[in-house]
2 protein chains.
Amino acid sequence: MQKKRVTIYDIAKALNVSASYISRALNDHASISEKAKEKIKKKAAELNYKHNALAANLRQGGSKLLGVIVPLINQRFFSDTISGIEEICSDKNYSLLICQSHENFAKEVHAVDTLIKQNVEGILISVSSETNSSEHLQNILTHDIQLIQFDRCLDELNSIKVENNNLEISYKVTKNIIESGYDKIAFLGGPNHLSTFKNRKDGFLKAIKEFNLPIPFNFIQEDLLVPENSYKVARELLLLKDPPNAFLTVSDHQSLAILRLANELQIDVPNDLAIFGFANEDFTTITNPFLSSVDQKSKELGRQAALAFFAKTNAERVRGEKIEPIIVESEIMVRQSSKKI
Amino acid sequence: MQKKRVTIYDIAKALNVSASYISRALNDHASISEKAKEKIKKKAAELNYKHNALAANLRQGGSKLLGVIVPLINQRFFSDTISGIEEICSDKNYSLLICQSHENFAKEVHAVDTLIKQNVEGILISVSSETNSSEHLQNILTHDIQLIQFDRCLDELNSIKVENNNLEISYKVTKNIIESGYDKIAFLGGPNHLSTFKNRKDGFLKAIKEFNLPIPFNFIQEDLLVPENSYKVARELLLLKDPPNAFLTVSDHQSLAILRLANELQIDVPNDLAIFGFANEDFTTITNPFLSSVDQKSKELGRQAALAFFAKTNAERVRGEKIEPIIVESEIMVRQSSKKI
DNA sequence: TTGTACGCGTTATCAC
DNA sequence: GTGATAACGCGTACAA
């Protein structure tokens, strides 16, 4: 006794009109009188009719679906970007298909595939730390699906990108650390093939150079997004004869690991060691001391990514020109962990 | 010059066979030789063909889509349940349509509507704190869509439910608090129309009764999920002549607010005030002191909810019997905030 | 093993 | 205003 889905035909039959008439009425076509519309809508509600998006989308080509791929949904930074994306999409009556790559390239490729099959109209992605090839993203464009990269972007791919002013803010942060009285700054970066992290490193180097600080080469490390790895490397550095007195990380999760390490080693943060990170995660104001960080305006980042989709300004791509990235200005949040008392 | 989507017809034409043949080959039908399958799959890849889930789903009735509605995606507890759900679904090749209610009833109703229109096969929901009516959920069943409630459930609705052993664990926690030397325990609950919170309150009351503790009626408060409200109420209580020396909350977010309050009022946690919560959020081991909590096994909760969908044991519903809830055992995590030093 | 014909539910188009 | 019909892309009886 399977209940069948109620269709416009059922309404049509009940009202003794044609199905196409119902369709138009339900879609508020101009050619139909208000009175008829009302009557039909009432009947539809009465029969508990629900629009079948599948059929409509098949017919119309579009799916009103957007795909989002992020490394981890439970990092506050990413869930905030998703909130921003959702805000715009629910305005436009688009739904979100959300996937996690779990920082794993294979899963990311699979997610892209799934989303293409689900007929999404656009894919908004912040790539995994492992992602060093853009073939799968290229594939998105091949299928005529909008591609918008945000936060973590592959430089080589000419797509719409929404990023922070990473180089500039990293430069400013480093300058701030130096001016706060720290002179031996170690940089714990991310995978350098992602422009996000490369830019943060370059900003750091720019400031170091400007202030003529002699930083040993092993103070500059890459690919340490996983907190445990940051912990290990930081530990080695802190046990050196001449250890760093400041850490600039590219994520608060690294900063947190270092704070834990400092506690274990009984190092006084901030007086003997400064810590500064990125993302402005919630926990930065729960730790003791509070962690200095860069507010990346994550929600706005998401909003801009979604808006970029709806703007559909990919005219550049068609013409083969380089698409200029959309920049979301970030903000320095100097807290206790980088200010000597 | 819009590129058209490649369909099985294009492959068929290229290979001089019929479209249905292609369809079967791509779906690994037994009636087709391995050799032919291989050839067709190769050609499909070559033409960059992607299966159109929209069309297939329309044809087959199902959508291979599951809808998930949670209050807030960026609360670790919920993102963990989603991770669990996703784990099972990606096994079964189902995709997830994720919506947030933002603890708002109207948004929740809208989300349900969207998901039905998107033709999801099942909806997994943890209702908003405002949700006090089940009409919209009833509507899901009317449309013959599986409904699985998890964590926050509406009792009145006879649907599959996946919950913690809330009453029992709350009883145990309260007992633990009492046996740790606290005798004036205040309970800061959630909306009582949700069985989750009602059970936690009942567990609390059971222990109080058993130990014969004289708890003033205003020590028992409800509907305080919003941390700011917990803060306000807790403040009033702590400023009483005879204030509580312990708080049992129903979420770590409330606990955190109270810890902040205690710091402001310079109350010694845990020696003069115990705090105990639910959810085992990450930050419970970042705060100082660490916060005692109940590990709800959030990921397992999600896994069980998804498995319940695939088990399709709703035979009970059809027969009108009461569906027994699936229970996920939670675990007490006694930390610094409820142990006197 | 392969092809034909049809239907899933909707909407666009044309005709009246 | 209103109705008939085709088409979106796929899967599946049924036939061959």
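Convention: sequence-line order gives letters A, B, ...; per-chain numbering from 1.
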Notebook entry, point to check: Any side-chain N or O of A/Q60 under 4.0 Å from OP1/OP2 of D/dC8?
Noted result: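 Answer no for this pair, as no side-chain N or O of A/Q60 is under 4.0 Å from OP1 or OP2.
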Margin query: I'd like to know if B/S23 reaches the base of D/dT12 with its side chain such that a donor and an acceptor end up less than 3.5 angstrom apart.
Written below: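 Result: no qualifying N/O pair found.
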Notebook entry, point to check: Looking only at N and O atoms, is any donor in the side chain of A/R59 or the base of C/dT11 less than 3.5 Å from an acceptor on the other one?
Noted result: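 By the distance-only test, yes, there is a pair.
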Note to self: Applying a 4.0 Å non-hydrogen cut-off, can you work out what B/N27 is touching in the nucleic acid: base, sugar-phosphate, or nothing?
What the structure shows: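 Contact class for B/N27: sugar-phosphate only.
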Check: Do B/Y49 and B/K43 have side chains that get closer than 4.5 Å, going by heavy atoms?
Finding: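 Contact flag for B/Y49/B/K43 side chains = no.
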[X] [atom1] to [N] [atom2], straight-line distance once rounded to whole Å:
| X | N | atom1 | atom2 | value |
| --- | --- | --- | --- | --- |
| A/D28 | C/dA12 | CG | P | 13 Å |
| A/I22 | C/dT11 | CD1 | C1' | 14 Å |
| B/Y9 | C/dC6 | OH | P | 12 Å |
| A/L58 | C/dG7 | CG | P | 16 Å |
| A/I8 | C/dG9 | CD1 | P | 10 Å |
| B/N57 | D/dG11 | CG | P | 9 Å |

Checklist line | Value rounded to 0.5 Å, distance of OG in B/S63 from CD in A/Q118 | finding: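 Going from the OG atom of B/S63 to the CD atom of A/Q118 covers 7.5 Å.
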Note to self: Assess, by modelled atom type and distance only, whether the side chains of A/S20 and A/S23 contain a donor and an acceptor separated by less than 3.5 Å.
What the structure shows: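 No pair is found: no donor N or O on one side chain lies under 3.5 Å from an acceptor on the other.
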Note to self: Could you check whether B/N119 and B/N57, counting side-chain N and O atoms only, form a donor-acceptor pair closer than 3.5 Å?
What the structure shows: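 Result is no, nothing qualifies.
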Note to self: Main chain of A/I160, side chain of A/Q149: is a donor-acceptor contact present, judged purely on distance under 3.5 Å?
What the structure shows: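 Side chain of A/Q149 to backbone of A/I160, a donor-acceptor pair under 3.5 Å: no, none is there.
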Item checked: Donor-acceptor under 3.5 Å (A/D10 side chain, A/T7 main chain) ->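 Flag set: sc A/D10 to bb A/T7 pair under 3.5 Å.
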Check: Where along residues 12-19 of chain A does a heavy atom come under 4.0 Å from DNA chain C, residue by residue in number order?
Finding: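 Of all residues in residues 12-19 of chain A, none places a heavy atom under 4.0 Å from DNA chain C.
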Are there any protein N/O atoms within less than 3.5 Å of an N/O atom in nucleotides 14-16 of chain D, and if so, which ones and at what distance?
none

Item checked: By ring pair (Phe, Tyr, Trp, His ring centres under 6.0 Å) - contacts of A/H136 (at least two apart) ->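 Counting only residues at least two positions away or on another chain, A/H136 forms a ring pair (Phe, Tyr, Trp, His ring centres under 6.0 Å) with A/F105.
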Check: Among all residues two or more places apart in sequence or in another chain, which pass the ring pair (Phe, Tyr, Trp, His ring centres under 6.0 Å) test with A/Y9?
Finding: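 A/Y9: no ring pair (Phe, Tyr, Trp, His ring centres under 6.0 Å) contacts found.
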Margin query: Contact list please: residues 29-56 of chain B against DNA chain D, heavy atoms, distance less than 4.0 Å, in numerical order.
Written below: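 Nucleic-acid contacts, sorted: B/Y49, B/H51, B/N52, B/A55, B/A56.
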Next item on the list: Keeping to residues at least two apart or across chains, list the salt bridge (charged side-chain N to carboxylate O under 4.0 Å, His left out) pairs with something in residues 98-108 of chain B.
Entry: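 Every salt bridge (charged side-chain N to carboxylate O under 4.0 Å, His left out) pair that includes a residue of residues 98-108 of chain B, provided the two are not neighbours, is B/E103-B/R152.
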Margin query: Walk me through whether B/N48 and A/H143 qualify under side-chain contact (heavy atoms from CB on, under 4.5 Å).
Written below: CA-CA 8 Å; B/N48 207 0; A/H143 282 277; 3.1 Å; yes
Margin query: More than 12 heavy atoms of other residues, nucleotides or ligands under 6.0 Å from CD of B/E38: yes or no?
Written below: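 No, the 6.0 Å shell around CD holds no more than 12 heavy atoms from other groups.
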